Amino acid sequence: MNLDLFAPEDFAPANVQLGAQAVVLRGLALPYVDAILAELKAIFAAAPLRHMVTPGGFRMSVALTNCGSLGWTTDLSGYRYTQLDPQTGLPWPALPASFVRLAQQAAETAGFPDFLPDACLINRYLPGARMSLHQDKNERDFSAPIVSVSLGIPATFLFGGDQRGDRAQRVPLQHGDVAVWGGQDRLRYHGVSELKDATHPLLGAMRINLTFRRAG
Ligand code: MD6
Ligand code: FE
C-alpha cells in the first residue's frame, strides 16, 4: 500500500515565504485556540470591540480593541498607542500568558528569537469588512517583528512591497494561521481583502485577528 497517497502535507498546507523575513506559518495557533477564545471573552467584556475613525474621518469596517500595556487607537487627531482605553479610561486588559507564548513561538519559528510583545491589537472582521493596504509604523522601533494570528472564517491577506503602489501577493489565511513579518520586511505594505460571507464552526460568520507588536 502506498502510504504516500495520504501524506500529512496533503492536509497541512505548506508554510508560505512572503519575503526574506516574512512568512505564513500554517496552523501554528491551533493548539492555542481554546485558551485564546476563553481569554477573548474576558477581554471583550473589559474593553469592548468598537469601530474607530481614521484621521481622514472614515469609520473603520473592522471593529477593534487591545490588550497589553499599550493599545493602538485611531481618531480624528491621528494614530497612536495609549496606556488607557479611551472608551473606558482604564488600562487595557493585560496580555494573557498564553498570548505571549504563542507570539513568541511564532516569532522564534520565523527567525526572531527575542520577541517580547507589549501590545496585542484585536480586530474583528465581519463579512464585508476589509483593511486597506498600510504600513504598521506607529511602533517606537522597527527591530521587533509583527506577529498576526488569524481565527475564524478565511481571509485573503495582501502583502505588498515597501511602496504603496507595489504589486501585492494574495495569500489565503485560514483559522490558526500566523503571519510574521520583520527585519527587512517590517515596513511592507499589507492589508486584507473584503471578507466573503462564510461560517466557521467555532466563531460563526466572523474573523478575529490578533496582531502582536513591540510598541513601546
Ligand atoms: C490581518 N491586520 O487582519 C492584518 N494592521 O490579517 C492588520 O494588518 C492590521 O488589522 C493595523 C491595524 C489593524 C489591522
Ligand atoms: Fe497592519
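Both counts, for ligands and for their atoms, begin at 1 and track the order of listing. Being a predicted model, the structure only gives us computed values, none of them experimental.
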Requested in this report: Considering only non-hydrogen protein atoms, determine which one is nearest to atom 3 (O) of ligand 1 and report residue, atom name and distance to 0.1 Å.
Outcome: Tyr125 OH, 2.6 Å
Query raised in the report: Would you say Ser150 touches ligand 1, if touching means a heavy atom closer than 4.0 Å?
Result: no
Query - Gln135, CD atom: more than 12 neighbouring heavy atoms under 6.0 Å - result: yes
Query raised in the report: Which of the atoms in ligand 1, numbered in the order shown and given with their element, are less than 4.0 Å from a heavy-atom of Val192?
Result: 1 (C), 3 (O), 4 (C), 6 (O)
Query raised in the report: More than 12 non-hydrogen atoms from neighbouring residues, nucleotides or ligands closer than 6.0 Å to CG on Asp75, yes or no?
Result: yes
Query raised in the report: Given Arg213, Arg130, Arg124, which one has a non-hydrogen atom that is nearest to atom 11 (C) of ligand 1?
Result: Arg213
Query raised in the report: Can you tell which part of Asp136 has a heavy atom less than 4.0 Å from ligand 1: side chain, backbone, both or neither?
Result: side chain
Query raised in the report: In terms of residue, atom name and distance, what is the protein heavy atom nearest to atom 12 (C) of ligand 1?
Result: Leu121 CD2, 3.3 Å
Report summary line: Looking only at protein heavy atoms, what sits closest to atom 14 (C) of ligand 1 is Met131 CE, 3.2 Å
**Report entry** Thr211 and Asn209: side chain donor to acceptor below 3.5 Å
**Finding:** yes
Report task. Just jot down the ligand 1 atoms closer than 4.0 angstrom to any heavy atom of His190, in number order. Result -> 8 (O)
Query - N/O separation below 3.5 Å, Asn209 to ligand 1 - result: yes
Query - Atom pair CD1 (Ile153) and CG (Leu203), whose distance is rounded to the nearest 0.5 Å - result: 9.0 Å
Query - Proximal heteroatom of His134 relative to the Fe ion (ligand 2) (N/O/S) - result: NE2
Query raised in the report: Does the distance from a Lys or Arg side-chain N to an Asp or Glu carboxylate O, for Asp118 and Arg140, drop under 4.0 Å?
Result: no
Query - ligand 1-proximal atoms of Val62, by part, heavy-atom distance under 4.0 Å - result: neither
**Report entry** Heavy-atom nearest neighbour in the protein, as seen from atom 6 (O) of ligand 1, with distance rounded to 0.1 Å
**Finding:** Arg207 NH2, 2.7 Å
Report task. Would you mind running through ligand 1 and noting each atom that sits below 4.0 Å from a heavy atom of His134? Result -> 5 (N), 7 (C), 8 (O), 9 (C), 11 (C)
Query raised in the report: Angle class for the Trp181/Phe159 ring planes (parallel below 30°, perpendicular above 60°, tilted otherwise)?
Result: perpendicular
Requested in this report: Flag yes if more than 12 heavy atoms outside Gln83 fall under 6.0 Å of its CD atom; otherwise flag no.
Outcome: no
Requested in this report: Determine the sole option in Thr65, Ile122, Leu121 for which the side chain to side chain contact (heavy atoms under 4.5 Å, CB included) test with Trp72 is passed.
Outcome: Leu121
Query raised in the report: Which of the atoms in ligand 1, numbered in the order shown and given with their element, are less than 4.0 Å from a heavy-atom of Ser148?
Result: 6 (O)
Report task. Specify the protein heavy atom at minimum distance from atom 10 (O) of ligand 1: its residue, its atom name, and the distance to 0.1 Å. Result -> Asn123 ND2, 2.8 Å
Query - For Leu95 against Cys67, the heavy-atom pair lying closest together - result: CD2-SG, 3.9 Å
Query raised in the report: Quick one: angle Asp136 OD1 - the Fe ion (ligand 2) - His190 NE2, to the nearest 10°?
Result: 90°
Query raised in the report: Do Arg214 and Asp141 meet the salt-bridge criterion of a basic N to acidic O distance under 4.0 Å?
Result: no
